[in-house]
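These notes are about the structure you will find just below.
Below, all heavy atoms of this structure are taken into account, side chains as well, without hydrogens, waters or symmetry copies. Quick caveat: nothing in here was measured; it's all calculated off a predicted structure. By convention here, the first residue in the shown sequence is residue 1.
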Amino acid sequence: YSLPKIMWTLKNIPGVRENVYKFLQVSDFICFKLTGQAKVSATLACRTMAYDVENKCWDKDLLAAGGISEDLMPDVVPCGSIVGDVIPSVAALLGIPAGTAVINTSQDQVAAAVGAGVLDDGQAVDGTGSVECITPVFDKIIRNRDFPDRNFVCVPHAVGGKYVTYAFNWAGGVLLKWFRDCFASYMKPEAKSRGVSVYRMLDELCPDKLSDVIVIPHHMGAGGTPDMVPTSKGSFSGMTMQTTMPDIYRATMEGLSFEMMYNIESLADFNINIKSLKATGGGASSPVWLQIKADILNRDITPVKNDEAGTMGCAMMAGVAIGAYTDLHEAAKVFVRFGDTFYPNDKNKEFYTDKYNKYKHIRNGLLNIWN
């Protein structure tokens, strides 16, 4: 979020205003050092808080309000644009062919969407790393004021004329890591001897029987969408003397999935309707969690076989930029491979519908307490 940082820098660091050439983000700086060209992709321009998504240019009013000359900002280009060729002296230093094209691709969630083949309306990618983020695709700018008020953004997709937003929860895979380290660290020696992860062993212990344990995954605050309440706290409820550690593990995955369902319902209020999901990141390697997600989100979910969807998305954009593929749809046919799809289990639908209603009641009650 560069705009306030640029304002602070210009105000507080002597000599910057007189000597600075351009303010660049990390990827833009790398491209600049390689090519001598200062350009930024539209998705990363959005991250500055100074980009006009509708008119596809820097927002002159915002820059003026911040006391920033537009000359200090790089040129904005569409995702997957050729920035320029590698400077001959740099090419010699790096040992790469002179004239190699440098392509500025996109922000990481957009790159992951491309790498998952999520290119059309109604599609979305569910990326579960440390943070869990669902990135849906839609075809028009959302002008409803409630949309940003619920902390959703509107960002150009790498596919021209399409847009995405980010529905996310800070406590995604990092919450399962916390659970593993606090409650299952004793499994590490056995996991090492078997050559598997502790998560795999926890999946093996995960009960099929559904329980009343409800986890509100606000262990890092409600620091995501649609609510930003950093003072919120996580909670465990519905436990009895019969509750076991594997029960709580399953409930933790359920709680994370309920939180994403809450986001999906919020997005539907703005006619962003997700019909199918592609799964990437560490969470996509757990069949247990994928089935829980399919049941709770009531949608088919398909894992992407490539572990690094974002990197693959960048390669696809580069391929289109240099003419190896006519468009991203053609590139997706070459690059993207999927695992087996997980479908909602009808026998769990009534139970999870009731449990989700309880989840929302507890969740929103706790937000009122901690806010």
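In this structure, P303 and L290 have side chains that are in contact, with non-hydrogen atoms separated by less than 4.5 Å. Contact check for T105 versus C79: no side-chain heavy atoms found under the 4.5 Å cut-off. Between T165 and T135, every side-chain heavy-atom pair lies at or beyond the 4.5 Å cut-off. Two residues are said to be in side-chain contact when any heavy atoms from C-beta on lie closer than 4.5 Å; S286 and Y199 fail this criterion. By the 4.5 Å heavy-atom criterion applied to side chains, H218 and L367 are counted as neighbours. Looking at heavy atoms from C-beta onward, Q107 lies out of side-chain contact with V155 at the 4.5 angstrom threshold. At least one side-chain heavy atom of D300 sits less than 4.5 Å from a side-chain heavy atom of P344. Taking 4.5 Å as the limit, every side-chain heavy atom of N306 sits out of range of all side-chain heavy atoms of R337.
In terms of heavy atoms, G67 sits closest to R17 at O-NH1, 3.3 Å. Taking each heavy atom of V215 and T252 in turn, the nearest pair found is CG2-N, 3.8 Å. Across all their heavy atoms, H157 and A113 have their closest contact at CE1-CB, 4.3 Å. Nearest heavy-atom pair, L63 versus L3, reported as atom, atom and distance to 0.1 Å: CD2-CD1, 4.3 Å. Across all their heavy atoms, V110 and A158 have their closest contact at CG1-N, 3.9 Å. A pairwise comparison of heavy atoms in V198 and K188 identifies CG2-CG, 3.8 Å as the closest pair.
Summarising the local packing, CH2 of W178 is surrounded by more than 12 heavy atoms from other residues, nucleotides or ligands at distances under 6.0 Å. For H361, the NE2 atom sits in a loose shell: 12 or fewer heavy atoms of surrounding residues, nucleotides or ligands are nearer than 6.0 Å. Heavy atoms from other residues, nucleotides or ligands lying under 6.0 Å from CG of D340 number 12 at most. Remark: N368 CG is packed, more than 12 non-hydrogen atoms of other residues, nucleotides or ligands lying under 6.0 Å away. Atom NZ of K360 has more than 12 heavy atoms from other residues, nucleotides or ligands within 6.0 Å. In the displayed structure, R200 atom CZ is contacted under 6.0 Å by at most 12 heavy atoms of other residues, nucleotides or ligands. By the neighbour-count criterion of 12 heavy atoms within 6.0 Å, atom CD of E204 is densely surrounded, having more than that number from other residues, nucleotides or ligands. More than 12 heavy atoms of other residues, nucleotides or ligands shown are found within 6.0 angstrom of CZ on F338.
Of the residues F147, Y163, Y166, the one that meets the ring pair (Phe, Tyr, Trp, His ring centres under 6.0 Å) test with F152 is F147. Of the candidates S27, C314, P78, S27 is the only one forming a side chain to side chain contact (heavy atoms under 4.5 Å, CB included) with N104. With respect to V159, the side chain to side chain contact (heavy atoms under 4.5 Å, CB included) criterion is satisfied by exactly one of L119, V114, V118, D139: L119. In summary, of the residues considered (T341, D126, V304), a side chain to side chain contact (heavy atoms under 4.5 Å, CB included) with K278 occurs for V304 alone.
L93 and I96 end up in different hydrophobic clusters when Ile, Leu, Val, Met, Phe, Trp and Tyr side chains are linked at under 4.5 Å. M312 and V320 end up in the same hydrophobic cluster when Ile, Leu, Val, Met, Phe, Trp and Tyr side chains are linked at under 4.5 Å. Hydrophobic clustering of Ile, Leu, Val, Met, Phe, Trp and Tyr side chains at less than 4.5 Å, counting indirect connections, keeps M220 apart from I369. By the criterion of side-chain heavy atoms lying less than 4.5 angstrom apart, applied directly or through intervening Ile, Leu, Val, Met, Phe, Trp or Tyr residues, F29 is not grouped with V16; the two fall into different hydrophobic clusters. Residues I82 and L44 do not share a hydrophobic cluster, clusters being chains of Ile/Leu/Val/Met/Phe/Trp/Tyr side chains in contact below 4.5 Å.
A donor-acceptor contact closer than 3.5 angstrom is absent between the side chains of S106 and T43. For the residue pair Y352/E254, the side-chain donor-acceptor check at 3.5 Å is satisfied.
Under a 3.5 Å cut-off, the side chain of T353 and the backbone N or O of K349 do form a donor-acceptor pair. N151 places a side-chain N or O within donor-acceptor distance of the main-chain N or O of P226, the cut-off being under 3.5 Å. Remark: the backbone N or O of D295 is not paired with any side-chain donor or acceptor of R299 at under 3.5 angstrom. Looking at D354, its side chain never comes within 3.5 Å of a backbone N or O of E350 through a donor-acceptor pair. Within the 3.5 Å criterion, the main-chain N or O of L62 finds a donor-acceptor partner in the side chain of D59. Under the 3.5 Å distance criterion, the side-chain polar atoms of T35 are matched with a main-chain donor or acceptor of Q37. The main-chain N or O of L277 is never found under 3.5 Å from a side-chain atom of Q123 such that the two would form a donor-acceptor pair. Under a 3.5 Å cut-off, the side chain of N263 and the backbone N or O of T225 do form a donor-acceptor pair. A donor-acceptor pair under 3.5 Å is absent between the side-chain atoms of D247 and the main chain of T243, judged by distance alone. Although no hydrogens or angles enter the test, the distance criterion places no donor-acceptor pair under 3.5 Å between the side chain of N55 and the main chain of C57.
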Checking side-chain contact (heavy atoms from CB on, under 4.5 Å) for the pair Y51/K56: CA distance, chi angles, key distance, verdict? CA-CA 7 Å; Y51 183 67; K56 302 179 182 178; 3.5 Å; yes
Apply side-chain contact (heavy atoms from CB on, under 4.5 Å) to D28 and K22, showing your working. CA-CA 10 Å; D28 315 330; K22 297 285 184 182; over 6 Å; no
Chi angles and distances behind the side-chain contact (heavy atoms from CB on, under 4.5 Å) call for F270, R150: CA-CA 11 Å; F270 305 100; R150 294 199 211 176; 3.8 Å; yes
If you apply the rule side-chain contact (heavy atoms from CB on, under 4.5 Å), what do you find for N169 with L256, and how did you get there? CA-CA 8 Å; N169 176 25; L256 290 165; 3.6 Å; yes
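How far CD1 of I296 is from CD1 of I264: 10.5 Å, rounded to the nearest 0.5 Å. To the nearest 0.5 Å, atom CG of residue L72 and atom CH2 of residue W58 are 11.0 Å apart. Interatomic distance, CE of M245 versus CD1 of I248, reported as 8.5 Å (0.5 Å rounding). If you take NZ on K192 and OG on S197, they are separated by 14.5 Å, rounding to the nearest 0.5 Å. Note that CE of M7 and OG of S2 are 12.5 Å apart. Values are rounded to the nearest 0.5 Å. In this structure, E265 CD and M260 CE are separated by 12.5 Å, a value rounded to the nearest 0.5 Å.
Aromatic rings of W289 and Y249 (six-membered ring for Trp) have centroids beyond the 6.0 Å cut-off, not under it. When ring centroids are compared, F183 and F179 come within the 6.0 Å threshold.
Ring pair Y359/F258 is tilted by interplanar angle, where 30° to 60° counts as tilted.
Annotation: cation-pi pair R363/Y262 present, NZ/CZ under 6.0 Å from the ring centroid and within 45° of its normal.
A salt bridge between K293 and E132 is present, with a side-chain N of the basic residue lying under 4.0 Å from a carboxylate O of the acidic one.
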